[in-house]
2 protein chains.
Amino acid sequence: MSANSRLTIAAHALAWIGLYQRQGHEVATSEQIATSANTNPVVIRRLLGELRRAGLVESRRGVGAGWSLARELGSMTLLDVYEAVEPGPLFAMHRTTPDQGCVVGYGIQPAMQRIYEGIEQTLRHELARVTLEDVLRDVLAAPR
Amino acid sequence: MSANSRLTIAAHALAWIGLYQRQGHEVATSEQIATSANTNPVVIRRLLGELRRAGLVESRRGVGAGWSLARELGSMTLLDVYEAVEPGPLFAMHRTTPDQGCVVGYGIQPAMQRIYEGIEQTLRHELARVTLEDVLRDVLAAPR
DNA sequence: CGCAGTCGTAACAACGAAGGTTGCAACAAG
DNA sequence: CTTGTTGCAACCTTCGTTGTTACGACTGCG
């Protein structure tokens with residue numbers, strides 16, 4: 001599976017903004033977050049843009065601009081972040097339609113679809129159990 | 001997430017071989033399976049090769065060669081197939097190490113690692129609940 | 001022994017997703 | 001007006017997956 005770090009980076013950015021705000025700052029810049037995540041500011045802006053569309057963060061422009069949380073970390077779950085940054089389903093069907101004249105080719109897609117939906121539902125349930133507040137607490141609990 | 005159809009195709013192939021054997025045939029060829037899945041025989045051989053390494057199928061060479069199940073479909077779960085064909089973890093960490101001088105950069109990876117491990121464990125548990133026998137039953141239950 | 005059918009596998013192209021980079025317009029505070 | 005930042009488009013690179021061709025290895029059969 002093409003391992004995808006979008007959820008990780010998004011959680012990193014949210015935790016960073018949350019901590020920075022608790023230290024008394026109004027907004028965080030994509031530059032600062034990019035430095036912490038060791039990546040490019042544009043990558044962060046792209047990702048935060050998706051989180052903004054999902055209502056998790058807000059951005060200000062102009063001088064002294066930057067990003068702030070739109071909600072408390074405790075009210076944001078990894079599921080919110082996952083849905084904001086991951087478009088497609090976890091498992092895909094065949095890229096080309098299987099042979100509909102074959103019994104297996106005909107029945108396999110509805111069968112797998114049903115199974116996959118159940119599994120994704122469970123995954124969502126698990127993601128919803130973890131808030132970004134939990135993530136930040138875990139981050140700060142790391143031994144130095 | 002780069003949607004991945006490997007698990008789907010592998011389940012398709014196993015169900016096909018299983019059904020074919022129940023119809024009295026000894027072995028199935030990659031050509032036949034590829035026709036049903038509407039793909040290339042080499043793709044099927046590659047995938048079945050991984051399933052062979054995992055002990056799920058066997059292959060014979062020479063004239064009248066082909067593939068057969070190494071176990072009953074009822075004793076194979078989607079987890080067995082998943083582990084045979086999906087190498088990496090579901091979610092990835094940062095591609096480059098985050099800033100270790102930053103509190104968040106330092107603590108984020110262990111924190112997310114722990115969370116992801118729990119989620120993958122749940123995913124495995126769900127996959128282990130479905131046998132290939134279940135899949136084949138669902139496939140044959142499709143209305144025509 | 002030779003033929004034919006099939007697997008085993010390497011090599012390469014095609015494709016798409018994701019990340020990285022550059023450039024620049026839009027915006028707003030001072 | 002200047003400055004710092006977002007918003008966004010365009011493009012490249014990298015990587016994983018799939019598709020395709022080619023060919024050697026193997027084995028049952030005549």
Side-chain angles (χ1 to χ4, degrees), chain A residues 1-10 12-13 17 20 25-35 37-53 57-68 70 84-98, chain B residues 1-10 12-13 17 20 25-35 37-53 57-68 70 84-98:
Chain A
M1 180 152 304
S2 79
N4 202 325
S5 63
R6 299 167 69 80
L7 183 58
T8 304
I9 304 290
H12 185 145
I17 299 172
Y20 198 58
H25 301 90
E26 283 276 321
V27 296
T29 69
S30 60
E31 175 88 35
Q32 296 169 315
I33 302 168
T35 299
N38 194 12
T39 180
N40 192 291
V42 178
V43 174
I44 299 297
R45 290 209 286 271
R46 275 201 290 240
L47 215 43
L48 286 180
E50 297 177 50
L51 297 185
R52 173 161 39 85
R53 257 167 259 131
V57 299
E58 290 165 350
S59 64
R60 290 211 308 244
R61 304 174 72 165
V63 173
W67 302 84
S68 54
V85 302
E86 300 283 356
L90 198 51
F91 300 109
M93 287 298 127
H94 311 60
R95 349 178 76 192
T96 59
T97 307
Chain B
M1 180 153 301
S2 79
N4 201 325
S5 63
R6 299 166 68 82
L7 183 58
T8 304
I9 304 291
H12 185 145
I17 299 173
Y20 199 58
H25 302 91
E26 283 276 320
V27 296
T29 69
S30 61
E31 174 88 35
Q32 296 170 314
I33 302 168
T35 299
N38 194 13
T39 182
N40 193 292
V42 176
V43 173
I44 299 298
R45 289 208 288 270
R46 275 201 293 239
L47 216 42
L48 287 179
E50 298 176 50
L51 297 185
R52 172 161 41 80
R53 258 168 259 132
V57 299
E58 290 165 350
S59 63
R60 290 213 308 244
R61 304 174 74 162
V63 173
W67 302 84
S68 54
V85 303
E86 300 284 355
L90 196 51
F91 299 110
M93 287 297 128
H94 311 61
R95 347 179 77 192
T96 59
T97 308

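Below, chain A is the first sequence line, B the second, and so on; all start at residue 1. Excluded from the calculations below are hydrogen atoms, water molecules and symmetry mates; all remaining heavy atoms, backbone and side chain alike, are included.
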Atom pairs, protein N/O to nucleotides 11-13 of chain D N/O, distance under 3.5 Å:
none

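- Close to D/dT5, at under 4.0 Å from its OP1 or OP2, lies no side-chain N or O of A/Ser59.
- Side-chain nitrogen and oxygen atoms of B/Asn4 include none within less than 4.0 Å of the OP1 or OP2 phosphate oxygen of D/dG16.
- Note: A/Glu58 CD to A/Leu48 CG = 12.5 Å, rounded to the nearest 0.5 Å.
- Rounded to whole Å, the distance from CD on A/Glu26 to P on D/dT5 is 15 Å.
- Residues meeting the side chain to side chain contact (heavy atoms under 4.5 Å, CB included) test with A/Val43, sequence neighbours left out: A/Thr39, A/Asn40, A/Arg46.
- For the pair B/Phe91 CZ and C/dA17 C1', the computed distance is 16 Å after rounding to whole Å.
- Between B/Asn40 and the phosphate of D/dT20, there is a side-chain N or O to OP1/OP2 separation shorter than 4.0 Å.
- Residues B/Arg53 and A/Thr39 each lie close to DNA chain C; by heavy-atom proximity, the contact nearer the 5' end of the strand is made by B/Arg53.
- Taking atom CD of residue B/Glu31 and atom P of nucleotide C/dA4, one finds them 18 Å apart after rounding to whole Å.
- Position along DNA chain D of the nearest nucleotide to B/Val43 versus B/Arg95 favours B/Arg95 as the more 5'-ward residue.
- The shortest distance between the side-chain N/O atoms of B/Arg6 and the OP1/OP2 oxygens of D/dT18 is below 4.0 Å.
- Checking the phosphate oxygens (OP1, OP2) of C/dC7, a side-chain nitrogen or oxygen of B/Ser30 falls inside 4.0 Å.
- Residues passing the side chain to side chain contact (heavy atoms under 4.5 Å, CB included) test with B/Ala10 are B/Leu47, B/Leu51, B/Val81, B/Val85, sequence neighbours excluded.
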> Along nucleotides 22-30 of chain D, 5' to 3', which nucleotides get a B, which get an S, and which get a -, given that the test is a protein heavy-atom distance under 4.0 Å?
Replying inline: B-BBBBB--

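- Residue A/Ser5 places none of its side-chain N or O atoms closer than 4.0 Å to OP1 or OP2 of C/dA18.
- Shown here are the salt bridge (Lys or Arg N to Asp or Glu O under 4.0 Å) partners of B/Arg60, two or more places apart in sequence or in another chain: B/Glu26.
- Listed by chain and residue number, nothing satisfies the salt bridge (Lys or Arg N to Asp or Glu O under 4.0 Å) test with B/Arg52 (two or more places apart in sequence, or in another chain).
- Rounded to whole Å, the distance from CG on B/Asn38 to P on D/dT18 is 14 Å.
- Annotation: side chain to side chain contact (heavy atoms under 4.5 Å, CB included) contacts of A/Ala28 (sequence neighbours excluded): A/Trp16, A/Ile17, A/Tyr20, A/Gln32, A/Ile33.
- With hydrogens and angles ignored, the 3.5 Å screen pairs no side-chain donor or acceptor of A/Ser30 with any backbone N or O of A/Arg45.
- Checking the phosphate oxygens (OP1, OP2) of C/dT6, no side-chain nitrogen or oxygen of B/Thr29 falls inside 4.0 Å.
- Residues that satisfy the side chain to side chain contact (heavy atoms under 4.5 Å, CB included) test with A/Thr97, not counting sequence neighbours, are A/Gln100.
- How far NE2 of B/His94 is from CG of A/Asn38: 9.0 Å, rounded to the nearest 0.5 Å.
- For the pair B/Glu50 CD and D/dT18 C1', the computed distance is 13 Å after rounding to whole Å.
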